[in-house]
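Input: a single structure, listed below in structure tokens.
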Amino acid sequence: MPAADAAAEARKSATLRYTLMRFGVFAGCFLAVWGLVYAGVIPRGLGDSNLLWVLLLSLVVSAPLSFVLLRKQRDAMSQRIVEQVDTAKARLEANRSREDSVTS
């Protein structure tokens, strides 16, 4: 069972690592956009919508950056997810074949 525990831990850490890094890229973009808005380089939002404007602009900027910068982490996470899905499919097929042999 230790190998199964290590694989489960690797899946969790790959997903957690990607999620935290993605949040870090967004937070960096948020601070950069907020600084640019505060400095007047980027126009402020209308009325009280400044925070919403900064959030939306940060999302737009961080998405392509994350796509490029976090490719390795995303690939590792997706590989772990594919392995987990394949294991679940194998278990399901084994259960189906076991049920078929019992009912026959």
Side-chain angles (χ1 to χ4, degrees):
M1 274 304 208
D5 292 340
E9 187 63 32
R11 274 194 302 277
K12 289 179 185 177
S13 66
T15 303
L16 182 62
R17 185 180 320 116
Y18 175 76
T19 303
L20 290 175
M21 292 177 83
R22 177 72 174 94
F23 182 73
V25 170
F26 172 75
C29 287
F30 179 80
L31 290 174
V33 169
W34 181 76
L36 291 172
V37 168
Y38 185 74
V41 175
I42 299 174
R44 296 181 186 269
L46 298 174
D48 294 332
S49 68
N50 193 33
L51 179 62
L52 182 62
W53 167 251
V54 172
L55 282 172
L56 289 174
L57 197 53
S58 299
L59 281 172
V60 168
V61 171
S62 71
L65 283 175
S66 294
F67 184 74
V68 172
L69 296 176
L70 303 180
R71 181 176 309 237
K72 182 178 174 183
Q73 290 78 17
R74 187 176 54 254
D75 289 344
M77 182 182 70
S78 66
Q79 181 181 10
R80 302 291 188 223
I81 291 171
V82 166
E83 291 170 0
Q84 187 177 10
V85 168
D86 289 343
T87 303
K89 284 181 181 179
R91 283 189 208 145
L92 181 61
E93 188 58 38
N95 287 339
R96 283 185 187 159
S97 63
R98 192 175 337 155
E99 288 175 3
D100 290 343
S101 65
V102 171
T103 58
S104 297

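One-based numbering along the sequence shown.
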**Report entry** Residues in side chain to side chain contact (heavy atoms under 4.5 Å, CB included) contact with S62, at least two apart in sequence or another chain
**Finding:** R22, V25, F26, C29

Query raised in the report: Sequence neighbours excluded, which residues qualify as side chain to side chain contact (heavy atoms under 4.5 Å, CB included) partners of V85?
Result: I81, K89

Query - Inter-residue atom distance L20.CG - L70.CG, 0.5 Å rounding - result: 11.0 Å

Report task. Give the C-alpha distance, both sets of side-chain angles, the deciding distance and a yes or no for side-chain contact (heavy atoms from CB on, under 4.5 Å) between V33 and V37. Result -> CA-CA 6 Å; V33 169; V37 168; 4.3 Å; yes

Query raised in the report: Do L55 and L59 have side-chain heavy atoms sitting under 4.5 Å apart?
Result: no

Report task. Any chance you could measure S13, atom OG, to M77, atom CE, to the nearest 0.5 Å? Result -> 12.0 Å

Query raised in the report: Mind checking whether V60 and F30 sit in one hydrophobic cluster, side chains of I, L, V, M, F, W, Y counted as touching below 4.5 Å?
Result: no

Query raised in the report: Under a 4.5 Å side-chain heavy-atom rule over Ile, Leu, Val, Met, Phe, Trp and Tyr, are L57 and V41 clustered together?
Result: yes

**Report entry** Residues forming a side chain to side chain contact (heavy atoms under 4.5 Å, CB included) with R71, sequence neighbours excluded
**Finding:** F67, R74, D75

Query raised in the report: Is a side-chain donor or acceptor of W34 paired with a backbone partner of S58 at a separation under 3.5 angstrom?
Result: no

